[in-house]
Amino acid sequence: MHQQDPDEIPLSELLGNSGESVPRVVSVARQGGFGAPSIQVAKKSSSAALSEDELPLALLIGTERKKECSRRKGKVEPCRKAPKRKCERMKAEKHRKAKKLQATSTKHRAEDESIKWCSLEHNGVLFPPEYEPHGRPLLYDGCEIALPPEAEEVATFYASKLGTVYLEKETFRKNFFDDFRKTLPVDLRKRIVKLEHCDFSRIREYLDELKERKQSMPPSKRKELREAEAQRVAHYTVAIVDGRKEKVANYRVEPPGLFLGRGDHPLMGRVKRRIFPEDVTLNLGRDAPIPPCPFKGHDWGSIVHNQRVTWLACWRDPISDEYKYVWLSASSHFKAMSDQEKFEKAQQLSKHITKIRNEYTKGLESADRHTQQRSVALYLIDKLALRVGNEKGEDEADTVGCCSLRVEHITLQEPNIVQLDFLGKDSMRYFNRVRVEALVFHRLREFLKGKRVSDNVFDELKVEELNDYLKSLMPGLSAKVFRTYNASYTLDKLLHSVKTPGPDIHSRLLFYNEANKDVAVLCNHQRSLPKTHSLMLERLRDKLEESRAYLEALKMARGKAQASPDSRAQVTRWRRPVVEIPEDCSLAERKRIREEAEKRPKEKQVVNMGLASITRGIAQTQEKIRRLEADLKTRDSLATVSLSTSKINYLDPRITVAWCKRHEVPIERIFPRALQEKFMWSMGVSEDFRFPISNVVSNDPSGAST
DNA sequence: ATCGAGACTTGGAAAAATATTC
DNA sequence: GAATATTTTTCCAAGTCTCGAT
C-alpha cells in the first residue's frame with residue numbers, strides 16, 4: 001500500500017478510522033496470497049472447503065499427537081536434555097507421517113519443518129480504544145479551525161511530538177503534513193497548505209492538561225485505575241499451549257500514530273493507520289474456539305491453524321508492509337527452548353572455533369578474490385563482533401553491517417590500523433580503530449583500490465554465501481552465532497579471571513557490571529546520555545566534596561576532643577539551606593523553587609560532638625566517601641553503555657547463575673524478575689559451569705557430551 | 001542462482017514502577 | 001510522605017536468516 005501514490009488513497013483508508021473503512025482481508029493481500037502454500041490459509045468463509053491436500057500435515061495427525069502431548073505434560077523435564085529429545089522425537093515422527101502423507105498427497109511439503117504445538121487456545125488480541133475527539137481547534141494563520149475527528153486525531157499525534165527533535169527534521173514534517181492533508185475534507189485541504197501556518201498549541205494544551213490531571217492523581221486512585229486496567233486485559237494475557245498456561249507478550253494491537261523511525265528514516269512522520277480486525281490473522285488450534293470479534297460489524301481477517309509457527313496472531317505493518325506478530329512471553333516454553341538452542345549452538349561453535357579461525361586465516365592467502373573477501377569479512381565478524389549486514393531497501397534508513405560496508409566507512413592507516421566508522425543497526429554509530437593482522441590489512445587495501453566511496457568493500461561476497469560457507473564448517477552455524485559466542489565467552493573468561501571478586505556484595509556487583517560492560521562495548525550496545533546525566537554527576541561530586549570537607553572537620557575536632565576528653569568539640573559542616581515550599585503551588589512552581597534553591601550558597605552548620613560520636617562519624621563518612629567515589633566512577637563509565645541488551649540476548653545465563661552461586665550473590669541482584677523468569681531454565685546449573693564447556697565436570701549431561 | 005515472503009531475535013527509547021531521599 | 005532518582009517493563013523498530021517459488 002505504501003507504494004501507492006498517497007494522494008490516491010482514500011481518506012478513510014489512510015486514517016483507518018471510519019466505520020466503512022474495511023481494509024483488505026489479509027489472506028488476499030499482496031503477492032496474491034498470504035504466505036507460502038505450506039501455510040494453511042483457512043479463510044474463515046471457505047475453511048470448510050479446504051481439501052485434505054491443503055490442510056497442514058499436523059492437522060491430519062492432530063489427534064494422535066494430542067494424546068502424546070498430554071502424556072508428556074505431567075512429566076517434569078530435567079533442565080535441557082529432555083526438551084531436545086522431545087524435539088527430535090517430534091521431528092522423527094513428523095518425518096514418518098510426512099512420508100505417509102506424501103503417498104496420498106499431490107502436494108509436496110517440506111519434511112524437516114517441525115511441528116511446534118498440538119493445541120493452541122487464546123482470546124485474540126486487544127485493540128486500542130476508539131478515538132475520542134476533544135474538539136480543540138487547530139489554528140491556521142491564527143484562525144480557529146474545527147477539525148473533523150479523523151483529522152483531529154492525526155493533528156493530535158503531531159501535537160504530542162511538539163518540542164521533540166522529530167519536528168526539527170524536514171522529512172518528518174513533510175511526511176506528516178502530506179498525510180495530514182489527506183485526512184482533511186476538500187475545502188480544508190484547499191485552505192491548509194503550509195505546515196508553518198499551522199499552530200497545534202491549543203491541542204497541545206489539551207494533552208498537557210490530560211498529563212497534569214494524571215500526574216496529580218492521588219496514589220490510591222492511581223492504583224485503583226491500574227488494577228481495573230489489569231482486570232480489563234487479563235483475558236488477553238494468557239494462552240493455552242498443549243495444556244500449558246502461558247503468558248502472551250504483546251497482546252495489544254499497535255495503536256495508530258506517527259511512524260518514528262530511527263536515524264534518517266525516509267518514512268518518519270507518516271501516519272501509521274489504525275489496525276482493524278480485518279487486518280488480523282489469528283493462529284489457533286483447530287479445536288480451539290474462535291474468539292469473538294470485539295467490534296460490531298467487523299470480523300477477523302482470517303483464521304489459520306498453523307502448527308509450524310509459534311505466533312498467535314499477525315498483521316501487516318501499514319508503513320513497512322512487514323509482518324507484525326503476537327508472541328508468547330520470553331518465559332514461555334517456546335522462547336525458553338529456542339534460547340537454550342541458541343546458547344547450545346554458541347557452545348558448539350567453541351568446539352569448532354580453532355578450526356574455523358585457521359580456515360579463514362588460510363583463506364586470506366587464497367588467490368581467489370571471493371575467498372579473500374569471505375575470509376576478511378569473517379575475520380571482522382569474529383574479532384569485532386560485527387553484524388553480518390544484510391541488504392536494505394530504499395524505504396529504510398541507510399545503515400550497514402559487515403558485508404554491506406562501503407569504502408567510505410573504512411580508513412586504513414599504515415602499517416596495520418583499520419578505522420571503522422559507520423551507522424549500524426538502529427543507526428547507532430560504530431567507531432573503532434583496531435590493529436589487524438598484516439594480511440587482513442593488505443587485503444582490505446586491495447578491496448578498496450580503485451573504488452568510489454559509495455562502492456561496497458565486499459563486492460564479491462553475499463551474506464547467503466557467507467552463511468552457506470559457515471554451514472559447511474559446522475551444521476547450523478550462521479554469522480550471528482559469533483556474536484553470541486564471543487559475548488558469552490568473554491563474560492565467562494572475565495568472571496573467572498579473578499578468584500575473589502570483592503569482599504562484599506557491593507564490590508562483587510561492581511565487578512560483574514565491569515565484565516558485563518566489556519561485553520556491551522564489544523557488541524557496541526550504546527545508549528544516549530540520560531538528560532539529567534551531567535546534573536546527576538554534578539550532584540554526586542557535590543556530595544563527595546561535602547563529605548570530604550566534613551571528614552576533615554571531624555578529624556580536626558577529634559584532635560581537640562582527644563586533648564580534653566570530657567568537653568564537646570565543635571564540628572563545622574557546610575550544607576545546602578533547607579528549601580521551604582508553600583503548600584498550594586503548582587508542580588511547575590515547586591520545581592522552579594527547588595532549582596532556585598540549588599543555586600544558593602551553602603550554609604554553615606555548627607554542632608557540638610563528643611569523642612565517641614566523632615569517631616563514629618569518621619568511620620561512617622569514610623565509608624560514604626568510598627561508596628561515592630566508586631559510584632561516580634562506574635556511573636560515568638557506564639553513561640553511554642547499555643548493559644541490558646547483552647544480558648537479555650547474548651550472555652548465556654548459566655555463566656551468571658554459576659558465578660552467583662560461587663560468590664554468594666543473590667541472582668535477583670543481577671536478573672530482575674522478568675529475566676529470572678526468562679532464564680528459569682538455567683537456574684539449576686552447577687557452580688562450575690564453564691562457557692565453553694571445558695573438561696571441568698559439569699552437572700549438565702547434554703552439554704558435557706563433548 | 002536469485003528473490004522475496006515469512007518468522008523469529010535483537011535494539012534503544014520511553015513509559016511505568018519502584019526505591020531513595022529529604 | 002511527596003518529590004526525585006533509578007530500575008524495570010513496554011513498545012515497536014530493525015535486524016538476521018531460512019525456505020520455497022521462479
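Numbered from 1 within each chain, the chains take letters A, B, ... in sequence-line order. Side chains included, hydrogens not; waters and symmetry mates left out as well; all remaining heavy atoms used.
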Can you label the angle between the A/W311 ring and the A/Y325 ring as parallel, tilted or perpendicular, going by 30° and 60°? tilted

A/T621: side chain to side chain donor-acceptor pair (under 3.5 Å) partners, not counting sequence neighbours: none

Atom pair CG/NZ of A/D339 and A/K342 - distance to nearest 0.5 Å: 4.5 Å

List in chain and number order the residues that pass side chain to side chain donor-acceptor pair (under 3.5 Å) with A/K678, two or more places apart in sequence or in another chain; answer none if no residue qualifies. none

Any side-chain N or O of A/R635 less than 4.0 Å from the OP1 or OP2 oxygen of C/dT6? yes

Look at A/Y650 and B/dT9 and indicate whether a side-chain polar atom (N or O) is within less than 4.0 Å of OP1 or OP2. no

Over all strands shown, is A/D339 touching base, sugar-phosphate only, or nothing at heavy-atom distances under 4.0 angstrom? nothing

List for me each residue that meets side chain to side chain donor-acceptor pair (under 3.5 Å) alongside A/D426, sequence neighbours excluded, and say none if there are none. A/R262

Hey, is the side chain of A/K116 poking within less than 4.0 Å of OP1 or OP2 on B/dC8, counting only N and O atoms? yes

Could you tell me if A/N283 and A/Q307 have a donor-acceptor pair between their side chains, going purely by distance under 3.5 Å? no

Between NE2 of A/H533 and P of C/dT7 the distance, given in whole Å, is 13 Å

Figure out the CD/P separation between A/E341 and B/dA7, and round it to whole Å. 18 Å

Length of the CG-C1' vector between A/N516 and C/dT7, whole Å: 15 Å

Close aromatic pair by centroid cut-off 6.0 Å: A/H122 and A/Y236: no

Taking the six-membered ring for Trp and the single ring otherwise, decide whether the centroids of A/H409 and A/Y430 are under 6.0 Å apart. no

For A/Y166, give me all partners under side chain to side chain donor-acceptor pair (under 3.5 Å), at least two apart in sequence or on another chain. none

For nucleotides 16-20 of chain B, print each protein N/O atom paired with a nucleotide N/O atom at under 3.5 Å, atom names and distance only.
none

Would you mind telling me which of B/dA5, C/dT18, B/dC8 lies closest to the side-chain atoms of A/Y325? B/dC8

Just how far, in rounded Å, is C1' of C/dT18 from CD of A/E465? 16 Å

Within the pair A/T645 and B/dG12, is there a side-chain N or O less than 4.0 Å away from OP1 or OP2? yes

Using a 4.0 Å heavy-atom cut-off, does A/K471 contact any base of the nucleic acid, only the sugar-phosphate backbone, or nothing at all? sugar-phosphate

For each nucleotide in nucleotides 8-16 of chain C, reading 5' to 3', give B when a protein heavy atom comes within less than 4.0 Å of its base, S when such contact involves only the sugar-phosphate, and - otherwise. SS-SSSBSB

For A/F334 and for A/S528, locate the closest nucleotide of DNA chain B by heavy-atom distance; then report the residue assigned to the nucleotide nearer the 5' terminus. A/F334

Under a plain distance cut-off of 3.5 Å, with no hydrogens placed, do A/K247 and A/S332 share a side-chain donor-acceptor pair? no

Whole angstroms only, please: what is the CG-C1' distance between A/L651 and B/dT10? 13 Å

Report which part of the nucleic acid A/R483 touches: base, sugar-phosphate, or nothing (heavy-atom distance under 4.0 Å, all strands). sugar-phosphate

A/K462 vs B/dA1: side-chain N/O to OP1/OP2 distance below 4.0 Å: no

Using atom OH of A/Y485 as one end and atom P of B/dT9 as the other, report the distance to the nearest whole Å. 23 Å

Atom-to-atom span, CG of A/D468 to C1' of B/dT2 - whole angstrom: 12 Å

Under 4.0 Å from OP1 or OP2 of B/dT9: is there any side-chain N or O of A/S338 that close? yes

Which whole-number value in Å describes the distance from A/E464 CD to B/dG4 P? 11 Å

